[in-house]
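The structure appears below as structure tokens.
All ligand and atom numbering here is 1-based and tracks the order in the structure. As a basis for the values below, the full set of heavy atoms in this structure was taken, side chains included, without hydrogen atoms, waters or symmetry mates.
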Amino acid sequence: KLGIEASKETDFSKWYQQVVVRSDMLDYYDVSGCYIVRPTAYFVWQQIQEFFDAGIRALGVRNCYFPMFVSQRALEQEKDHIEGFAPEVAWVTKAGTTDLAVPLAIRPTSETVMYPYFAKWIRSHRDLPLKINQWCSVVRWEFKNPQPFLRTREFLWQEGHCAYMTKDEAYTEVLDILTLYRRIYEELLAVPVIEGVKSEKEKFAGGVATTTVESFIPATGRGIQGGTSHYLGQNFSKMFDVVVEDPEGTSTDRPKIHVHQTSWGLSTRTIGVMVMIHGDDKGLVLPPRVAETQVIIVPCGLTSKHTDEDRRRVTDACLTVEARLKKVGIRADSDLRDNYTPGFKYSHWEVRGVPLRLEIGPKDLEKQSVLSVRRDNFAKASVALDKLESTLEILLHTIQDDMLIRARKAFDERVKLVLKWDDFVPTLNSKCLTMIPWCEREECEDQIKARSTRDAINDEAEDEKEPSMGAKSLCLPHNQPQDPPIIPGQTKCVQCGHNAKRYALFGRSY
Ligand SMILES: O=C(C[C@H]1NCCC[C@H]1O)Cn1cnc2c(c1=O)CCCC2
Ligand SMILES: [Mg+2]
């Protein structure tokens, strides 16, 4: 199958599967919930890695690698951290036909792998701060419907883990990392996100505070968590006994201080979000910044009337244009396959999301120009050959910027200020998120979830089997709406009438 048959608007789930497979981004694998990340998608991940590695290196974070196996004892070192997640943990119990004496978990995340060694390595305050990151895959045997890139049983991610003397240093880093996450989405993937902090109910149980970047899929009206950066406080250092003597202490009385920790993660879910937001009914639409091929050059306009000489001149022109673009760092390629028509090639590269196509034929050679066609909005423009490089550099940046602008507009117009409860569920049902003055009480969040769960039969639910879930709090945005302002002691929570503290973003989500 070549093109996309499902409509993004009316059959989103099928549309998404067709786009990720027919654009050659991913293939299904014979283990349920596992997928093959193919080169086009892996190139996107590599751009994210390069950007993020440069960012964390500037923050003094060093990359490392810990084993993927976790002993049962180590994993259960921190009870409440793990109890909620135990069903998701995959275990190795045999080698060949021999049972392992001690079953080994495959890391679902690495806190319990790393922190016993933090305790060993950190003795003095001079050993602080410790800042490490690892790029690896983790395994979580999720039972909810798997979704390519968004929810897979094994996924690639980075996980950063740091230890500091003080909360302030730790929290500063938490926010610095969150900024890097926002920049990855906005500057690389052209995906707008909202930065904020998670509610008590939604935060990582092992931590003190979870900050997050939240994105939104207009086609389904659902929010999606894009990456998290946690201030863990001293919870884990108390469990794993990661202590230093108080540098202010006297030589005789030197109390032990538990270090302040952080952890932060971003996964290949980023790729799925990018596909869902930018893709259209012709297939994938790649932001130039992360496109392996930014420009595809296709010869055209050659009919039986033309001579072999004409064909050769057109082919040479394509190769010359390709070489000129490569010389200025534009990732260009020519499709000179002689067994396909130009039209076939146009569709072939549109499905694959190549941001810009150049069509070159005999007439273009006469005019010393080429025809450019944008993938994002199909706009065509003639480009003078003697201004090729500068024009295309501008055009590729324009495409990148326009993709973010369009996506941000689509996001902003779907975030509705809701000041009375009667508007809450109708707003969700119109595929929007709600921004409400909220009391931040956990039981209020439970009530909101219960009061906003639609009946089970629902055509909008992504995974048909799963009844369309109620709304959850996505985050308390760092940038709080100012109009109308929340007046402490006066503005009431939209759901329960208690005093509202801050605006909260609520919605259905992945
Ligand atoms: O992974 C985290 C916290 C933290 N881990 C490191 C990266 C940042 C951040 O996600 C939360 N979490 C999610 N999911 C699971 C676990 C878990 O701790 C533990 C076991 C199985 C599933
Ligand atoms: Mg999970």
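Annotation for ligand 1: atoms under 4.0 Å from non-hydrogen atoms of G265 are 7 (C), 8 (C). Atoms of ligand 1 lying under 4.0 Å from at least one heavy atom of T109, given by number and element, are 1 (O), 5 (N), 6 (C), 16 (C), 17 (C), 18 (O), 19 (C). For ligand 1, the atoms closer than 4.0 angstrom to any heavy atom of E88 are 22 (C). The atoms of ligand 1 that sit less than 4.0 Å from any heavy atom of P108 are 20 (C), 21 (C).
Here side chain to side chain donor-acceptor pair (under 3.5 Å) pairs that include residues 229-247, with residues two or more places apart or in two chains, are T210-H230, T228-H230, Y231-H260, Q234-H260.
Ion pairing between a basic and an acidic side chain is recognised when a charged N comes within 4.0 Å of a carboxylate O; R38 and D24 show such pairing.
For atom 4 (C) of ligand 1, the choice among E159, E111, R107, M114 with the nearest heavy atom turns out to be E111.
Judged by a 6.0 Å distance limit and a 45° cone about the ring axis, R269 is not positioned over the six-membered ring of F149. Taking the ring axis of F12 as reference, the NZ or CZ atom of R222 does not stay both within 45° of it and closer than 6.0 Å to the ring centre.
Of the heavy atoms in W264, only backbone atoms (N, CA, C, O) come closer than 4.0 Å to ligand 1.
For the pair V138 and E159, the minimum side-chain heavy-atom distance is below 4.5 Å.
An N or O contact shorter than 3.5 Å links R140 to ligand 1 by distance.
Every residue was checked against the side-chain hydrogen bond (donor to acceptor under 3.5 Å, both in side chains) condition with T97, not counting sequence neighbours, and none meets it.
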